[in-house]
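Everything on this sheet refers to the single structure shown next.
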Amino acid sequence: MEYISSDIEKKWQEYWKENESFEPSEDFTLDKKYILSMFPFPSGRLHMGHVRNYSISDALARYHRQQGKNVLHPIGFDSFGMPAENAAIKNGSHPKGWTYDNIDYMKNEFYSLGFSFSRKREMATSDELYTKFEQAFMIDMYNKGLLYREKGMLNWCPHDQTVLANEQVVDGCCWRCDTPIVKKDMNQYYFKITDYSDELLADLSKIEDGWPKQVLTMQENWIGKSNGLAFDLLFDDDSKSKLNAEFESFDVFTTRPDTIYGVSYTALAPEHAIVTYMIDNKLLDEDTIAKITKMKNTSSIDRQKVKEGLALGLNVIHPLTGKTVPVWIANFVLMDYGSGAVMAVPAHDDRDYDFAKKYDLPINAVIKPKDTDVDVSEKAFTDAGVLFNSGEFDGLNSKKSQYNIIKMFEEKKIGAKTTNYKLKDWGVSRQRYWGAPIPFIHCKDCGLVMEKKENLPIALPDDVEINGEGSPLENHPTWKNCKCPECGKDAVRETDTMDTFVQSSWYFLRFCASPETLEKAAFTPEEIKYWMGVDHYVGGIEHAILHLLYARFFTKVFRDLGYLDFDEPFDKLLTQGMVLKDGAKMSKSKGNTVDPDAIIAKYGADTARLFILFAAPPTQELEWNDSAVEGAYKFIKRFFDRSSNVVATESKPVIEHSTLSKEEKLARKKVYEALERANDVFAERYTFNTMIAGVMEAMNALNSQSNTDVWSEGYWILASIMEPVIPHTAWEISDKYFNLKNLSPQTTVSEVFVEDSITLGVSVNGKRRGEVEVDANASKDEILVAAKAEVAKWLEGKELVKEIVVPKKLVNLVIKG
RNA sequence: GCGCAGGUGGUGGAACGGUAGACACGCAACGUUGAGGUCGUUGUGCCUUCGGGUGUGGGGGUUCAAAUCCCCCUCUGCGCACCA
């Protein structure tokens, strides 16, 4: 019988659909596994990265299903977002039609790959039902103070005409279209993620066993916690009067209080309130104001290129020495970190050093290495060391003095130990159409008012014109008009929509909702309790910060809102590597893509899945290789063809091992080795490539013998091992010969590992010189006699100083002379 | 600059201190074939005077034994980056 992939795959895909083979049970007493892969954006067609992502999660899902677990393996679409609008502008399509057409197409692709998703839980985040529950959460979060509206300087992408979160600005440019970001002053909604900075950082320890270290580190760096001293710098009298007594002081933060005696100037961000006051009140000359304005309008990338500054003509008093210190503006001081002002110690900070050199400011060294003198004539000395020229702290090391200096500031009540974070609140409003509307209303009398929950969802209007200019909701003639839920007077809806990362921050909770729950609630507490946390989360490393941080944040918020009672959503995270071709990431612009549909048409889904899981371990990059794909196809064909050696049976054949020939014994051993490797791979290593290699070895060994029972037993087990990888072929074989009974937990047989004789490597001084075959029960002395005979020529005339026998592995003889 | 990951045949990759290169791709030879492909068998790290030598980015160390552990260097990829 010939292997015709299309016939077999179609047959089983229909069978799985008709039999609802992959729907999870609602029996919450069963052992569960929640296997989740990051859901896709409905871009139109699957790419190889998708195939890899879902091949990995599907293998996990199918394995655990075979093991008798109640498996939830859902799929959905992250379907709001700008590409739908961009397509609308380009082709005149409607974002909704475009999106749902793409979803239909991609769903077919998924099922043609044989992925074992729960069909009943399919959803898209642009579904009105999804929006309904999400809007209710927004209202809850607002009421809890976790969502707020504020005017501020925002990241604005001039190309996409929308605001971006800090996380979405990459190297000063838009993460989507690479356009340089400009700052724009406007109203924006924020999630108060900074309330959770400490917990998001601390709880990384709760998931460190299940997450890649790289991701943990990236999140840690992103949150960016640093401890230090915050204190006020008081203006001298002259400066106070210059400022019309409006300002007494300003606040600075330092992580190096040990260098405080080295302060030779201070610097404000160009956006600092004192600078703004001086500009507004004409306390600076025209030329200076023009320079500051230019500084403020320079993009963040350009601002990093060269240090610029200006003296303000103000002085503050050093809190410890009492000396006056000049106040400057410096472009490297960031308004949104700390207080937007710094104390500058050029002798011990690289940035301060460059700036001092440029503007000829004093460089006063106060820290030196333990054993030598310090030299700051060429560059700053930024290491920790020993203090000098530091009054009562002379002679202390950096660490000790930091503690003492902070303590002294606290005792004198002129400063305090302070923690700063790089993490900022998450700006979530977008001035776009294709997103979830923010369910808030602006009333002239009542101000910002929440929509009533019974009126949700606030759905998008379909009749919009999308031309890329301004917000279609803002320009819609009627949609935004409404009545105030509080006073009933005319009011207008918020026309901003939510960042699409909001939808992906809780979709994994929505998947827990059973078909019965779907309409009634986002999910029930029982469902969440049973299915969460996600046992295996599979996705790309590119989400290491954005999505994974936001999802962790939402989980903690939902916990505090009382919807659930755990801290972290994803127990284990598997970040798959990229799919490359010719050494570069597959992309349309590079023209090096391989279309999954074409591979399925030519070789079948099983071949695509086998190649992808065999070519590299899942966490590594995967280089596409056409002839290796061909190789995967040939293996499946061989696997299928040789199944003709099997005799149909409904239970695994019982074999009397001792009566078998050497080849037959070896075949059984290889089969059971493959089984043990498979169990190990699924338990912790996920190196499917080695599991498949084990099956190939077993196949090679089976082919070297002709015992029908050994063939049947071998296929009983190998088809079970391979089912998560090549499900169609495995079900076809298992159905034909085993009535599918072998797709179940497999037990090992210890007798196959018992050997009559074993081969040991023999090395002399660690170098391999030969091998000996000895009886399995041979004593150490017997082994040594044989080993010495084997390598006699190497031992001749030498003194044997040590003999090491590693059981079942090797013998090492150490000689001298 | 800081952090993380990594460097093994012609290629993808095995080897969780114990016979380096499993398994596969590629290549070569032979068989099958009118030819090509498929399929099957065999070989394949490098050098070699066929004794052997050498070999996991480079150098050192620990060990009876190191791709694996430790130190230094180097290169590559990824992330963060004027964060005070």
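Below, chain A is the first sequence line, B the second, and so on; all start at residue 1.
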Which part of the nucleic acid, if any, lies within reach of [X] when heavy atoms closer than 4.0 Å are counted: base, sugar-phosphate only, or nothing?
{"X": "A/S763", "value": "nothing"}
{"X": "A/P212", "value": "nothing"}
{"X": "A/V345", "value": "nothing"}

Provide the distance between the two [atom1] atoms, one in [N] and one in [M], to the nearest whole Å.
{"N": "B/rA15", "M": "B/rA22", "atom1": "C1'", "value": "8 Å"}
{"N": "B/rG43", "M": "B/rG36", "atom1": "P", "value": "24 Å"}
{"N": "B/rG12", "M": "B/rG57", "atom1": "P", "value": "14 Å"}
{"N": "B/rC30", "M": "B/rG45", "atom1": "C1'", "value": "24 Å"}
{"N": "B/rA20", "M": "B/rA65", "atom1": "P", "value": "14 Å"}
{"N": "B/rC39", "M": "B/rU49", "atom1": "C1'", "value": "42 Å"}
{"N": "B/rC69", "M": "B/rU76", "atom1": "C1'", "value": "23 Å"}
{"N": "B/rG53", "M": "B/rG18", "atom1": "C1'", "value": "23 Å"}

Output yes when [X] and [Y] qualify as a salt bridge under the 4.0 Å nitrogen-oxygen rule, no when they do not.
{"X": "A/R685", "Y": "A/D680", "value": "yes"}
{"X": "A/E308", "Y": "A/K291", "value": "no"}
{"X": "A/E803", "Y": "A/K780", "value": "no"}
{"X": "A/E208", "Y": "A/K213", "value": "no"}

Nearest listed nucleotide, side chain of [X], among [options]:
{"X": "A/K634", "options": "B/rC80, B/rU38, B/rG79", "result": "B/rU38"}
{"X": "A/E697", "options": "B/rG40, B/rG13, B/rA22", "result": "B/rA22"}
{"X": "A/Q214", "options": "B/rA84, B/rC78, B/rG52", "result": "B/rC78"}
{"X": "A/T217", "options": "B/rC4, B/rU19, B/rC64", "result": "B/rC4"}
{"X": "A/R768", "options": "B/rU19, B/rC83, B/rG26", "result": "B/rU19"}
{"X": "A/M696", "options": "B/rC23, B/rC4, B/rA84", "result": "B/rC23"}
{"X": "A/V806", "options": "B/rA84, B/rC80, B/rG18", "result": "B/rG18"}
{"X": "A/S226", "options": "B/rG40, B/rA84, B/rC25", "result": "B/rA84"}
{"X": "A/T255", "options": "B/rU38, B/rG53, B/rA84", "result": "B/rA84"}
{"X": "A/K637", "options": "B/rA84, B/rU38, B/rC23", "result": "B/rU38"}

Whole angstrom is fine here: how far is it from [atom1] in [X] over to [atom2] in [N]?
{"X": "A/N227", "N": "B/rA84", "atom1": "CG", "atom2": "C1'", "result": "14 Å"}
{"X": "A/N221", "N": "B/rC4", "atom1": "CG", "atom2": "P", "result": "9 Å"}
{"X": "A/D350", "N": "B/rC2", "atom1": "CG", "atom2": "P", "result": "10 Å"}
{"X": "A/F614", "N": "B/rU11", "atom1": "CZ", "atom2": "P", "result": "17 Å"}
{"X": "A/D354", "N": "B/rG1", "atom1": "CG", "atom2": "C1'", "result": "12 Å"}
{"X": "A/Y633", "N": "B/rG37", "atom1": "OH", "atom2": "C1'", "result": "13 Å"}
{"X": "A/Q620", "N": "B/rG13", "atom1": "CD", "atom2": "C1'", "result": "8 Å"}
{"X": "A/I223", "N": "B/rA81", "atom1": "CD1", "atom2": "P", "result": "14 Å"}

Parallel, tilted or perpendicular: which one describes the rings of A/Y715 and A/F639, with boundaries at 30° and 60°?
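Rings of A/Y715 and A/F639: parallel, as their planes differ by under 30°.
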Parallel under 30°, tilted from 30 to 60°, perpendicular over 60°: which one fits the rings of A/Y550 and A/W426?
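Parallel: the ring planes of A/Y550 and A/W426 meet at under 30°.
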Applying the Watson-Crick and G-U criteria (both distances under 3.5 angstrom) with [ ] for crossing and | for other-strand pairs, one obtains for RNA chain B (((((((..(((.....[....)))((((((.......))))))(((....)))..(((((..]....))))))))))))....
With distance as the sole criterion, is a donor-acceptor pair present between the side chains of [X] and [Y] under 3.5 Å?
{"X": "A/T687", "Y": "A/T690", "value": "yes"}
{"X": "A/Y603", "Y": "A/S6", "value": "no"}
{"X": "A/D775", "Y": "A/S757", "value": "no"}
{"X": "A/S627", "Y": "A/N625", "value": "yes"}

Using a 4.0 Å cut-off on heavy atoms, which residues in residues 675-694 of chain A reach RNA chain B? List them by number, or say none.
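Residues of residues 675-694 of chain A that come under 4.0 Å of RNA chain B are, in numerical order, A/D680, A/R685, A/N689, A/T690, A/A693.
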Under the salt bridge (Lys or Arg N to Asp or Glu O under 4.0 Å) rule, collect the residues that match up with A/E623, sequence neighbours excluded.
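Residues passing salt bridge (Lys or Arg N to Asp or Glu O under 4.0 Å) with A/E623: none at all.
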Which is more 5' along RNA chain B, the nucleotide nearest A/A628 or the one nearest A/L622? Just name the residue.
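On the 5' side of the pair lies A/L622.
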5' priority, RNA chain B, between A/M218 and A/N700 [closest heavy atom]:
A/N700
Pull up the glycosidic torsion of B/rG60 and say syn or anti, syn being anything within 90° of 0.
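What B/rG60 shows is an anti base, its glycosidic angle lying more than 90° from 0.
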Cationic tip of A/K307 above A/F355 ring, under 6.0 Å, 45° of axis:
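Not satisfied by the 6.0 Å and 45° rule.
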